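Working notes, structure below.
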Amino acid sequence: MDEQILEIEESIPVNPIESFLRTDRIPHIWCPGCGIGTTVNCFTRALETSGLDLNKVSIVSGIGCTGRVAGYLNLDSFHTTHGRPIPFATGLKLANPELKVVVYSGDGDLFAIGGNHFIHAARRNLDMTVICVNNSIYGMTGGQVAPTTPIFATASTTPHGNFEQPFNLPYLADSCGAVYVARWTAYHVRHLTKSIKEALAKKGFSFIEILAPCPTLYSRRNKLGDGLDQMLYYKENSEIKHGANTKEVALEFQSKIIVGKFVDRDRPDYLTLMNEHYQKKFGDKYTPYKG
Amino acid sequence: MKADPKAVLTGAHFLDGDHACSEGAIAAGCRFVAGYPITPSTEVVERIAERFPLIGGVFIQMEDEIASSIAIQGAVWAGKKAMTVTSGPGFSLMMEHIGLAAMTETPCVFVDVQRGGPSTGLPTQPAQGDMMQARWGSHGDYGIIALSPNSPQECFDLTIKAFNLSEQYRVPVLFMMDECVGHMTERVIIPPAEEINIFPRRFYEGPRDEYLPFKPDEDLVPKIVKAGDGYKIHVTGLTHDEKGYPVMTAAAQEKLIPRLVNKIKLNAEKIIEYKEDNIDDAEVVVVTYGITSRVAIPAINQARQEGIKVGHLRLIVVWPFPEKRITELAGRIKSFIVPELNQGQIFYEVERNAYGKAPVYLVPHAGGTVHNPKDIYNAIIKSLKGK
Amino acid sequence: MRTEIKIGGFGGQGVILSGYILGRAASIYDNKYATMIQAFGPEARGSACSAQVIVDPNIIDYPYITNPQILVVMSQEAYAKFSSELAPGGILITEEELVNPINLRKDVKHYSIPATRFAEELGKKLVVNIVMIGFMTAVTKLINPEAMRKAVIASVPKGTEDLNLKAFDKGYQYGLNVVSGKSN
């Protein structure tokens, strides 16, 4: 009898991304229809083929629904304070340049409370990948307006509709000097996986915006259906336009969504510049910094 | 463990307190500093920026104090010893990350060169108005350690001690300077590197699969590892279990938070440091810290010359507070005098621990300069004349 | 005995460096204690600025100066601002051509030196502060002149040591002459 049960258990196929997850922390907290889990799946598949030594990959999150990503990934993972994953990641990377540092957080965390850190990390071209899951709302606190909420959309703190201009995130990242900028939706799993892999391989500040549904607090309040309806919407209204001018990819309420890889350029990263500068300045007296 | 001889500037120097603090950090092995310019602390990071490139350190001027106070924590988890430096307004901005360091047991040093406050206050003049903020500034309950130097020499010596204590107890250590000490230039003797004791980071060395990142040793302090070592640690500011995983229950909170408090409270006698003069026969004890410990001396000397039995208790470690010692003294002296460059902060701590057995008199000062020793002398006299 | 010294002038005259050299000489090369406090804020950048130094054979407790026994001034504004602080019977040292010691108190011992002119004669007006402290060393006898010379060498920019030593010696010699003249 016991043997039989054992056989049955052995025959259950293992989830291919299981080794990337802290399975002892599953089930996760995300709602049915939420897009964050899909993005995590893409991230792990990108990691799988990236050739990176997973012992040297660190993931840093802020606070919020996406902020919980760090806690589910079987990597060195840091769940920091609200808005501050980028400066934490800055210290981590500069203290040990061998680490591949990924910041994984939400739009409110990275662009409202953490906006200042984002623009400066991009300006400095710190070698890190920033993945922003943009669900147009503050999810964890109950659906308040975010710097990404489209005009006219309703949020719990804009019950009569939003009238503030939201950020165009790719344009912001581009103008601050990011070397890699892409946008996808939770629907574009293959493109997104490839894009994350490219970003991880890119030296310097890489940024990926991922539009994802928040059925509980955004879609429902704005009468956009459930998670599946949002995915259908992404499918039907997205247009892939690699190399698009980031000025022209701003999002409006239920508008067409321009996705693709917008920026891919080369610019020496912070530590390369630091080492080159001090070598010029101090000559042989300077030992190139390696951590 | 000893300091790195290649980095230590052994010899006699004429240095201000800010620069001496930089040299203390370097001697202690600090190789990552993040800061944001703010008077009167800026000289600390200026010297660090000058010195670091040739001794393998990284200084980064961050976009604000919030960023600085968490960048250092990233650096610590990647294996560096790290510090940030600020003054009043910046210190206020750092409060949340003092809490993060306490919660995640991240050893690091916060230097606060105190100036007149609140708000922008007196940027170029001294005060001691951040002492309670240092203890209680972040939300929730946690233990910290705070030191208060009174000279450039101590800015050097005690910065090393601050790093050592932060490593030993895995807590943020707050280095509470003030503008007067920071901008005062005096002789600073930097000893040979082999005479400087460094408390090494408490790295875990046991079997890999048995490691629990937040399982405490007997002294309530857990062993640490760093990112990249293959342990795949999870570090969170949420209430967590010994594995580091978030557990948001009353039971988990009850297990974690008392330990964060007790690892300082129960080790307090080992951490506390104070200096006493003429305490044995004292009828009046002046309790001081930082620059005020020097300003009180002329007042104490004058009173003693007049036959008044005045003793001096000078706090070097301010937090944890020497509660027992104050209670002991209260049982046998006539009064305490507490001069401080604020409207009463450590005063209340003395009063609380005196348990009404001896009256405690505050000599307040709004800051901007130091006390006139006469005011302290008058308080000593008044305290004996009947309350 | 505790001696309080205030050095005042306008920005660019090397007031702070003078105080630094004095304190360094006393505490590193002359076996004494010294505490220097510089005036910060707007007054350090432009008009009247000052350095305060305490020199004491014993450890220094109270860190600020209240009534300096020695006041060195290199500008009229510094004279106007600080001369009333001078302790009774104190020593006032002025730059002869920049300071007119109006309403000079009778209890004050006054010495002056055309330090700017001497500095110009040495080819660099910038060393006026070093001429002044050389002069001060001679008339006050507070610090050993050799200690002062060592502190000058250790504190000035590399390559300017000889010029600064000449400036120091010029002021020092002039001071010795003035003192011996007075005692005659």
Side-chain angles (χ1 to χ4, degrees), chain A residues 22 24-25 29 53-58 60-61 63 67-68 70-101 113-114 116-117 119-121 123-124 126 270-271 274 277-278 281-282 285-287 289-291, chain B residues 6 31-34 52-82 84 95-97 99-101 103-104 106 108 138 213 225-238 240 243-248:
Chain A
R22 298 184 190 273
D24 49 354
R25 291 217 57 224
I29 61 154
D53 174 358
L54 296 185
N55 287 332
K56 301 290 179 193
V57 180
S58 280
V60 186
S61 287
I63 300 295
R68 292 301 181 87
Y72 298 124
L73 285 168
N74 192 22
L75 300 166
D76 285 324
S77 52
F78 300 94
H79 180 227
T80 65
T81 52
H82 192 28
R84 320 303 172 192
I86 288 177
F88 185 96
T90 300
L92 198 63
K93 178 69 189 182
L94 295 185
N96 183 2
E98 260 191 25
L99 300 176
K100 170 56 67 179
V101 177
I113 186 167
N116 196 27
H117 311 308
I119 63 176
H120 287 281
R123 170 181 68 80
R124 295 184 180 114
L126 284 159
Y270 184 89
L271 281 175
M274 184 183 98
H277 181 79
Y278 286 148
K281 175 83 186 166
F282 297 114
K285 278 197 284 181
Y286 182 72
T287 311
Y289 178 80
K290 292 197 180 85
Chain B
K6 290 195 287 291
R31 293 294 180 273
F32 185 89
V33 172
F52 260 16
L54 294 181
I55 58 169
V58 171
F59 167 71
I60 182 167
Q61 184 174 312
M62 294 299 285
E63 49 275 14
D64 58 29
E65 288 90 346
I66 297 172
S68 304
S69 59
I70 194 167
I72 62 168
Q73 300 187 43
V76 167
W77 283 101
K80 288 274 191 277
K81 288 192 178 181
T84 186
M95 286 303 126
E96 185 183 7
H97 290 147
L100 178 71
M103 189 63 147
T104 56
T106 303
C108 52
S138 199
V225 297
K226 59 182 192 293
D229 283 351
Y231 286 90
K232 295 178 178 165
I233 44 172
H234 183 58
V235 177
T236 176
L238 287 168
H240 45 270
K243 219 169 169 181
Y245 286 3
V247 183
M248 281 153 285

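For clarity, every value in this text was computed on a predicted model and none was experimentally measured. Quick note on labels: first sequence line is chain A, next is B, and so on, each numbered from 1.
Using a cutoff of 4.0 Å between basic side-chain nitrogens and carboxylate oxygens, Arg124(A) and Glu63(B) are scored as salt-bridged. With respect to Asp24(A) and Lys243(B), a salt bridge is recorded, a charged nitrogen being found less than 4.0 Å from a carboxylate O.
For Leu100(B), the part lying near chain A is the side chain, with the backbone staying farther off; criterion is any non-hydrogen pair under 4.5 Å. Of the atoms belonging to Tyr286(A), heavy atoms from both backbone and side chain fall under 4.5 Å from chain B. Neither the backbone nor the side chain of Ile55(B) comes within less than 4.5 Å of any heavy atom in chain A. For Phe59(B), the part lying under 4.5 angstrom from a heavy atom of chain A is the backbone only. Proximity to chain A is absent for every atom of Ala34(B), based on heavy atoms less than 4.5 angstrom apart.
The two residues Ala227(B) and Ser58(A) come nearest to each other via the heavy atoms CB-OG, 3.6 Å. Shortest non-hydrogen contact noted between Pro87(A) and Met62(B) is CB-CE, 3.8 Å.
Considering only heavy-atom pairs separated by less than 4.5 Å from chain B, the leading option among Leu271(A), Asn116(A), Leu92(A) is Leu92(A). Ranked by heavy-atom pairs under 4.5 Å with chain B, the list Arg22(A), Lys281(A), His82(A) is led by Arg22(A). When Asn96(A), Thr80(A), Thr81(A) are compared by the number of non-hydrogen pairs under 4.5 Å with chain B, Thr81(A) comes out ahead.
Considering CG of Leu54(A) and NZ of Lys232(B), their distance stands at 5.5 Å, rounded to 0.5 Å. A distance of 16.0 Å separates CZ in Arg31(B) from CG in Leu94(A), rounded to the nearest 0.5 Å. Here CD of Gln73(B) is found 11.0 Å from CZ of Phe78(A). Values are rounded to the nearest 0.5 Å.
Remark: Arg25(A) qualifies as a cation-pi partner of Tyr245(B) under the 6.0 Å distance and 45° angle criteria applied to the six-membered ring.
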